[in-house]
J.: 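Provided herewith is a single structure, encoded as structure tokens, for subsequent inquiry.
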Amino acid sequence: MKQVKKRVFHIIQIGTVDDLPSRSFDIFIVCVIFLNLFATFFATFSISEGARTAVNIVEWVTVIIFTIEFLLRIWTAEYLYPNRRGVVAKLRFLISFYGLVDLLTILPAYLPLVFPSGAVAFRMFRVIRIFRLFKINAKYDAFNIITDVLKVKRRQLFSSMIMIFILMAAASLCMYGLEHEAQPEVFRNAFSGIWWSASTILTIGYGDIAPVTTVGRIMSMMISFLGVGMVAIPTGIISAGFVEQYQKIRDLEMESEEKELRFVVSKIVKEHKWCGRKVRDIVFPPQILLAVVVRGEEELVPNGDLTLEKGDLLILTAGRYVESKSLNLRELSVKEEHPFVGHEIRDLDISRLDLIVAIERKGKVLIPNGSTVIENGDRLVIYSRKKA
């Protein structure tokens, strides 16, 4: 059952190119999302009873699929958060962003069944269905570039928004001073000009509130020109962020050197002299590194306190050989401009099937943990669980 649970976890997560069931599941879920959204929009039209029944059937079938997926993610949460077990891992998933998105996508369908007397009131919760679009973002890493750009450029965007709000407040005060006497019912106070300044600066231009004095119109034109420039600032920041992000992806291979490692698998038997000993007490030959210990269905990153047991499979690597092409270990040398530099391992955007098991830094081998920060010049030993 443990092996089945682990395989289910790999299938429902974002799939790799060589994992056909996982990729097929991703495509299937995206199709279900679009089908559900189509049914949601189509239900707002005036259609016949037969068509409405068909739409309701489609909606309930897709909601049941979402529910099964949600339950599977709760069931396998311990593999998503390996440092947490049991109920703690499940609660951690439930309060995560995508856990809440999954919950909100199915909640509007079940609330009227639990509270039938409030079915009419629960109709307002149908707007929550739009959160299903975030499930597409969870399935395709390309969409995550949007959130990455907003995260990287958040300070510049915040500064530009502050400038826009300052201009809106200044414009509102100016127009109140110029137009209050001519239009006391329209510009009653400084706050009454906020709507006018927002529609003018953001180039909406409804025209329901407009200056009538000559000086007010001249000021309005000046503010309109300033508004065009101000609104263009966050647009330019986001556009530049997209260009930088795609350039980093394009230059990833140029900024790093990746090569395969030769490895040897050794099994610990009862008579083995390493059986029952801690890793720190074992003297390995020069250039030999204990990369991974496979114990049953688990892959353990060895540290000094790990005690080797009977039945353990030791994956030993010699980092100076590169002839073999079919390995589960590879070495990645990061340079100054590499996107990993300066980030903790837990924050790295790498496949969940990959583990950074060792770091060679200035001639020393480090056993990393989640808080280890990648530095310029590091050589990372990466273990792929998919190939092991």
Side-chain angles (χ1 to χ4, degrees), residues 37 40-41 44 95-98 100-101 104-105 108 121 123-138 140 142-248 339 347:
L37 290 174
T40 301
F41 279 93
T44 62
I95 63 176
S96 67
F97 175 75
Y98 288 115
L100 292 175
V101 168
L104 292 176
T105 57
R123 289 177 182 175
M124 68 175 65
F125 288 102
R126 292 181 178 179
V127 71
I128 299 177
R129 295 171 180 173
I130 199 65
F131 281 99
R132 287 166 188 160
L133 291 173
F134 287 100
K135 292 174 67 64
I136 301 176
N137 184 62
Y140 287 95
F143 292 148
N144 289 328
I145 294 178
I146 299 175
T147 55
D148 291 340
V149 170
L150 295 178
K151 185 184 299 182
V152 172
K153 300 294 183 180
R154 62 185 182 277
R155 294 183 180 179
Q156 295 92 323
L157 290 172
F158 179 76
S159 299
S160 64
M161 295 302 296
I162 291 297
M163 293 172 62
I164 292 175
F165 286 130
I166 291 174
L167 180 59
M168 289 174 56
S172 177
L173 288 171
C174 289
M175 295 308 295
Y176 169 76
L178 295 173
E179 296 290 326
H180 175 66
E181 293 185 2
Q183 302 182 81
E185 295 298 325
V186 176
F187 292 93
R188 296 180 180 178
N189 49 52
F191 286 101
S192 63
I194 290 291
W195 168 247
W196 172 87
S197 62
S199 61
T200 301
I201 293 174
L202 301 179
T203 67
I204 301 172
Y206 283 111
D208 53 341
I209 300 178
V212 296
T213 64
T214 302
V215 179
R217 289 176 177 175
I218 294 174
M219 179 63 68
S220 178
M221 288 189 293
M222 296 173 60
I223 293 173
S224 297
F225 279 113
L226 289 174
V228 172
M230 285 293 180
V231 174
I233 292 176
T235 304
I237 293 173
I238 295 175
S239 300
F242 273 105
V243 173
E244 292 175 5
Q245 194 70 18
Y246 279 109
Q247 189 65 35
K248 287 182 180 179
D347 297 328

J.: To the closest 0.5 Å, what do you measure between CD1 (Ile164) and CG (Leu226)?
T.: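 The CD1 atom of Ile164 sits 12.0 Å away from the CG atom of Leu226.
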J.: Should Pro211 and Trp196 count as side-chain neighbours, where that means a heavy-atom distance under 4.5 Å?
T.: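 They are in side-chain contact.
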J.: Closest heavy-atom contact between Met219 and Cys174?
T.: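 Smallest heavy-atom distance, with atoms named: CG-CB, 4.5 Å.
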J.: Can you list everything that forms a side chain to side chain contact (heavy atoms under 4.5 Å, CB included) with Ser159? Sequence neighbours excluded, please.
T.: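 Partners of Ser159 by the side chain to side chain contact (heavy atoms under 4.5 Å, CB included) criterion come out as none, since no residue qualifies.
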J.: Is there any salt bridge (Lys or Arg N to Asp or Glu O under 4.0 Å) pair reaching into residues 182-201, and which pairs are they, with sequence neighbours excluded?
T.: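 Output for this query lists Glu185-Arg188.
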J.: Can you sort out the partners of Glu181 under salt bridge (charged side-chain N to carboxylate O under 4.0 Å, His left out), two or more places apart, ordered by chain and number?
T.: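 Once residues adjacent in sequence are excluded, Glu181 has no partner under the salt bridge (charged side-chain N to carboxylate O under 4.0 Å, His left out) criterion.
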J.: State, yes or no, whether a side-chain contact exists between Leu157 and Leu150 at a heavy-atom distance under 4.5 Å.
T.: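 The answer is yes; the side chains approach within 4.5 Å.
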J.: Let me check something: any side-chain donor-acceptor pairs from residues 227-243 under 3.5 Å, sequence neighbours excluded? List them with distances.
T.:
unit_1, atom_1, unit_2, atom_2, d
Thr235, OG1, Val231, O, 3.3
Ser239, OG, Thr235, O, 2.9

J.: Checking Ile194 against Phe165 for the side chain to side chain contact (heavy atoms under 4.5 Å, CB included) test, could you report, in this order, the C-alpha distance in whole Å, the side-chain angles of both residues, the deciding distance, and whether it holds?
T.: CA-CA 10 Å; Ile194 290 291; Phe165 286 130; over 6 Å; no
J.: Do Ser224 side-chain atoms and Ser220 backbone N/O form a donor-acceptor pair below 3.5 Å?
T.: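 Confirmed, Ser224 side chain pairs with Ser220 backbone.
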J.: Please identify each residue that fulfils side-chain hydrogen bond (donor to acceptor under 3.5 Å, both in side chains) with Thr213, with sequence neighbours left out.
T.: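 Expected list: Glu179.
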J.: Quick check for you: to the nearest 0.5 Å, what is the distance between Ser172 atom OG and Phe187 atom CZ?
T.: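 It is 8.0 Å, given to the nearest 0.5 Å.
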J.: Could you pull out all residues at least two apart from Arg154 that satisfy salt bridge (charged side-chain N to carboxylate O under 4.0 Å, His left out)?
T.: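 None.
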J.: Going from CG on Leu178 to CD1 on Ile218, what distance comes out if it is rounded to the nearest 0.5 angstrom?
T.: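 Leu178 atom CG to Ile218 atom CD1 measures 10.0 Å (nearest 0.5 Å).
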